[in-house]
Amino acid sequence: MRTSRAVIGATSLALAATSVLASTATSATADEVTPAPTASVADNRGLSASSSDAARTSQARVVREAAESPVSGTPLTMPSAYPYQPQLQLYRDNPSDASKPAQLLGHPDLAPKLEELMAKSDRISVQVVGQSTQGRDLYLVTLTAPETSAETARQAAWKTKIKDDPTAAAKDTLLQAQYKTPVWISNNIHGNEWEGTDAAMQYIEYLATAPLSEVGSILRNNRLYFSPSLNPDGRTNATRATALGLDPNRDMITNATAETKSYIRSVQAIQPIYTADFHGYTGVLQIEPCGPPHGTNYEYDLSIPHNYALALKVEQDVVAAAIPGNPLTSAGGIAIPYRDDQEGGWDDFPPVFSAQYSAFFGAATSTVELPLGRAGAGGTQTPERAKVNTAVALQTMKSIVGYMNDPTSAKEMLSNQIETFRRAQSEEPKKQLTVSGVSSVPGPTQWRPLWDTLDDQEPLVLPNAYVIPRGAGQRSESDAAALVKQLLFHDIEVDRLTSATTVGAKTYPAGSYVVDLDQPMRGLANSLLDLGDDISDTVPQLYADGAWSYSYLWGATVDKVGVVTDGPIGVSAPVSAPTSNYSVPATAGYATFDVAGVADFTALNALLEQDVPVSMLADGSAVVGSASAATAAEVAKTYDIDLEPATAADLDALDDATTKPLRDLKVAYVGTADDRIALTTLGFDDLTQVTAAGIQADASLLDGVDVLWIGSTFTTASPTAPTPVARAAVQALLDRGGALTGRGSAAFNAAKDYGLMTGTALTSPGSATALVSVDTPDSSVLAPYRQNTAYIYPATWFTDLGAGTTVQQRYSSKPMLAGHWRPSSATNAPANAANNASVVSSETQRSTAGVKARSIVFGTSVFFRTNPKSLFSQAARGIFWAAPAAASRLSAPAGGSTTSPAQPSTPTQTTSPTQTTPAPSTVKAPSSLEVSTKVKRAKSRAAKKTVKVSIALSAASATPGSTVTLTRAGKTLAVVQVAADGTAVVKVKLRKGRYTLVASYAGTATVMGSTDTVKLRVR
Ligand SMILES: [Zn+2]
């Protein structure tokens, strides 16, 4: 429980509005599900023109089963025979569907159409491969000639052989002759790039129903996979992002969205030889391969020749089709970046995009961009443009499949995939495509000069392995476990050392993890774990991220060891999950844990949420009292935390001035989805999004807020700003000891405007995207579990700092480690940031005696696309440092410490059960009161809804049987008795609307009263 601030004589106030109720988000949830029609075994499924094979029809019925709804991110279970035709969940029509203005298919149209085709044809199979953020099914549609289970098993075995035993696969003539080419066409990952979906559905219908004389060869030789819509929420709501507010086509290595989790499981299951992801809009049809700079971990000599030839075939076909309204280039063709782009136009440098992710599976890949941009109202498309784009997309899909159905192309591309996996497991050095390498590459020659001038990188030296140590050499065991989990999700093989092993000068304890690069996903593993390259001098700009290293940005210590030609490291065994970190002390007593990684902060917040008194020591660790041992053990289990018995030194430190009793923080933020997701991930669950205008309209939004986090522009402090109410509310927050925190120049300027800091915020060009090195002074707030790398996109640094502004971290003398940062002026180069502050803080005396407000601002991109997990922990540490302390302090157990604990300096009481010093009788201990509410979902259309109000008083001071009064606008709603555990629950019925409920505890002779208010919205 949060204890009240010790303001004697005043009524204490503690707010606990639940985030769900404070939310003003209006995004639509998935259309309600209507019952699917009853499956009929008497329908004519399987009796289409394509086949009347009775055995296969019966096979189809065998595999037809109720649609399972796999969770996005779980491995896909692939059909054991084809067709696989489950019953699909249907969705109610949505009148405001953003697909409608353009007369395009809405997501609710997909399932009925697929059901209809499944009823007609045994060539089509449909799987549900996850759900969108708002709960819409994600479909994977397969078009192929029917297969018996024996045939499907054989295809599956070949797929495995290609990846895991490529040398044998290369010699397997039956495989080469009969392996069905997996081709994957995905669409609509950007929700407001619609037409790929419609073209795919038209093509699916054609393939399912056309005479076998037209499509028989395609269906026999290939498995054509279609993802009609990878982002149905965005499709429905006319947004590029998913309903989470993140761009899924930048999320392939972070996987914060359900949609990309599903994409990654799909590419693993399909193992495509060719894949295209349909987007829009670039004015003229565009198909990859990309121009430079090229990613360093791909096998371009294998993928580019066919990928380029395929693009040329698409161009030829699209031009010949002369689709009315389809614009062509001045040269009369389409755009192929590889051929047409100059420097830094459309590159394939980072693996954050769908196509550049899939390429690691040995596929030739493309991001296809449709021509005609949105011209409808409210960011929608017009029917005329949609028609052109759909026709262009359909032609492109047909040309792709035509190319892939050519036996020579298919066989060579299969060989290239096999060779990709063979190289990965060969322990051979990577052949860098520099000048000499390029000259030996077969295929088109147009790109060689471009490649050479723009991509003349140092040869990529592959290490033997990446080692993730455990024990003393590991910065964060929790981040290490999270990293291992993430690597396994990406199909990267991770081993565990079975005994202590010395590599070079370092000895790794048993249990340390090894990612040996002798593995099928070598390219992906190295791309994800390597530092990357500084390519600032190579190209003028990048299309997107320039650095993304898990080793430097995910918080765990990772060592790069040896060279790829070395033999295996020690003796190890493969793992399927990280080793659990969970442990609890053998006997229930004071306990401690490292607060180093993301899960540690999440656990810390979970403890605070459950009213556990926690103190943070100067070394960054947390200490929990013996009275909370059971709760602490439960939390440690949930978050996989290593909870250790507190040492005598830990107990001694409890009363140190540098030890901070933590409170359950209420955080308000100004910012984006990045801020919301990162803070939520860290466990700051009492979180409200605010804006200057919102606070101006309702200043109570900041009532009880402990920390204001600023992630985007917030200019309320100026006397001329049109938000005087907001300004006063922020001043009030600071005056009661609340904190102003955040990132970038927006946060720094706000801190300045409120008189908390002095100095100047400077920034790199917005295009700068880099992994940088930073220095953390020993005295820094960020010194515990120090991390000396950070991410910027862009960088902000702080200069001309006044005496009251403290540097907590600096950019190092040479900040650039990897990525791209090219200055646009004489003042925004890495050299300008060098040695300047990257994180600053302040502590300011407020007008009330003894009250100080703290501020901390990060110039690094701590929450960028939720990827740099290492920076999440830095931000969280900063927030806990800046936030007000809990009023009561965890004391050492009597006699359990080598020195006796000092008396509490305030009259507030510790909740430690061993605390025996009574408060002086003249001073009354305030009781804290915390109210939370939940609106019960109405089953009927009743005018009033039930609201459950939970009230919690600090157990130390509340008297069981005493009462709490719940009022609204001065009117009493209920009088509730306090139970023995210090809580009270009441249910009230309220109409739709917004409410402020006030709970008041009158207090007793020895305990002061208190009140708490909670805002809620009933809908
Ligand atoms: Zn797009």
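Numbers here are sequence positions counted from 1. Every number for a ligand or one of its atoms is a count from 1 in the order of the listing.
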I'd like the atom name of the N/O/S atom in H190 lying closest to the Zn ion (ligand 1).
ND1
Tell me if the centroids of the rings in W548 and Y793 come within less than 6.0 Å of each other.
no
Have a look at E193 and say which of its N, O or S atoms is nearest the Zn ion (ligand 1).
OE1
Looking at H279, pick out the N, O or S atom nearest to the Zn ion (ligand 1) and give its name.
ND1
Check: Y274 ring centre within less than 6.0 Å of W184 ring centre:
no
Salt-bridge present (R240, D247; N to O < 4.0 Å)
yes
Dump the intermediate steps for ring pair (Phe, Tyr, Trp, His ring centres under 6.0 Å) on W194 and F278, then the final yes or no.
CA-CA 9 Å; W194 286 274; F278 278 68; over 10 Å; no
